[in-house]
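Written below as structure tokens is the structure these notes are about.
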Amino acid sequence: MFNFFPVKEKGVKLIPLSDLHTGGSTALFPYFNGEDLGFPPHKKMTGEAGGWKFKHGIYTPNAKQYAMFKHFTKCAEQIATERNGRRFVVVENGDAIDGVHHLTPQLATRNVGEQAAVHIWLMQYFLHKIGFDKNKGDLLYIGQGTEAHDGDEEDSITESLGAEMLPEGDEVFDFLPMDILSNRFWFLHQGAGAGRGLSTGNALHNWMKNQYFDCLEEGRTIPAVVISGHYHKSVYTTFTRRDKTMHGIILPPFQLKTRFGYRVAAAELEGVGIRTIDIDGYQDIKINKAMLLQSRDEVVKI
């Protein structure tokens, strides 16, 4: 018997992550004190007050890092419930580790190899929690961030996590165009700025407008979604022209403000978390609400 109805292609749940800055003392850090994580702890996780045994000492994550790790777990568990038969495409969009930069003292370890080891465990934990399965067609891609932070450590991270190679044989990307169910996506670490207050998203909107006309003149496919990070602020805006809508996203980080962050944005709340996108067909794109860790001012009362 013939089936005259075409089989609908499986949808995709896109999970972009950015700016984990693993190794920084204000960044996401594993917390293990002997409880069941539902995933094997790293051999260097001591189980004592959440400590991690590094070559030159033991680092104990602080209360804010513990809260970030709980939120990281909560996000992963929520994503797992939202699969609904879709394939997972996970994209790390740069600044995986914090590196050793600008004479900063805000590091758990100055050994970038150890930072990468922590990051690899965090990603293995996350992928396990969401139910990532290559046998189901799930894919992982890794991009480069700011050289001062990442150096070339993404190469070893890519190999350890078994991430996908790029068409030309590279292991990590600086700029990644990707077609998902005939929708063009662009991934880049640093794009348009985030803006503040009433101007939030304006630079991203104008940047997309320029890209729209550049693509028309150059005969390139106009992206449906542009995803960047770097600015440690969750932003979503759109640009529409002749029924063609471009979605622009600046991803939230998984790092709280450093001393530099307080210098440039002391009064702004910290938005830490993940934003996912569901793609179920051509122009069938749903930008989900960002899952952000609740942030509030610490007020001194006298």
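Quantities reported herein were computed from a predicted structural model and do not represent experimental measurements.
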Salt bridge (Lys or Arg N to Asp or Glu O under 4.0 Å) partners for E82, two or more places apart
K13

For residues 105-124, pull every pair meeting ring pair (Phe, Tyr, Trp, His ring centres under 6.0 Å), keeping only residues two or more places apart or in separate chains.
F39-W121, W121-Y125

Does S160 have any side chain to side chain donor-acceptor pair (under 3.5 Å) partners at least two apart in sequence or in another chain, and if so, which?
none

Q65 and Y59: side chain donor to acceptor below 3.5 Å:
yes

Would you call the rings of F29 and F54 parallel, tilted or perpendicular, taking 30° and 60° as the class edges?
perpendicular

Start with the C-alpha distance between K74 and M291, add both sets of side-chain angles, then the distance that settles side chain to side chain contact (heavy atoms under 4.5 Å, CB included), and finish with yes or no.
CA-CA 9 Å; K74 181 180 177 182; M291 297 177 282; over 6 Å; no

State whether D138 and R83 are salt-bridged, where the test is any N-O pair (Lys NZ or Arg NE/NH1/NH2 against Asp/Glu carboxylate O) under 4.0 Å.
yes

Of all pairs that satisfy side chain to side chain donor-acceptor pair (under 3.5 Å), the ones with a partner from residues 167-177, not counting sequence neighbours
Q144-D174

Applying the side-chain contact (heavy atoms from CB on, under 4.5 Å) test to P16, which of N93, V225, L251 qualifies?
L251

Sequence neighbours excluded, which residues qualify as salt bridge (Lys or Arg N to Asp or Glu O under 4.0 Å) partners of D36?
none

Is the ring pair F175/W186 parallel, tilted or perpendicular, if the boundaries are 30 and 60 degrees?
perpendicular

Determine which pairs satisfy side chain to side chain donor-acceptor pair (under 3.5 Å) with at least one residue from residues 202-215, sequence neighbours left out, and list them in order.
none

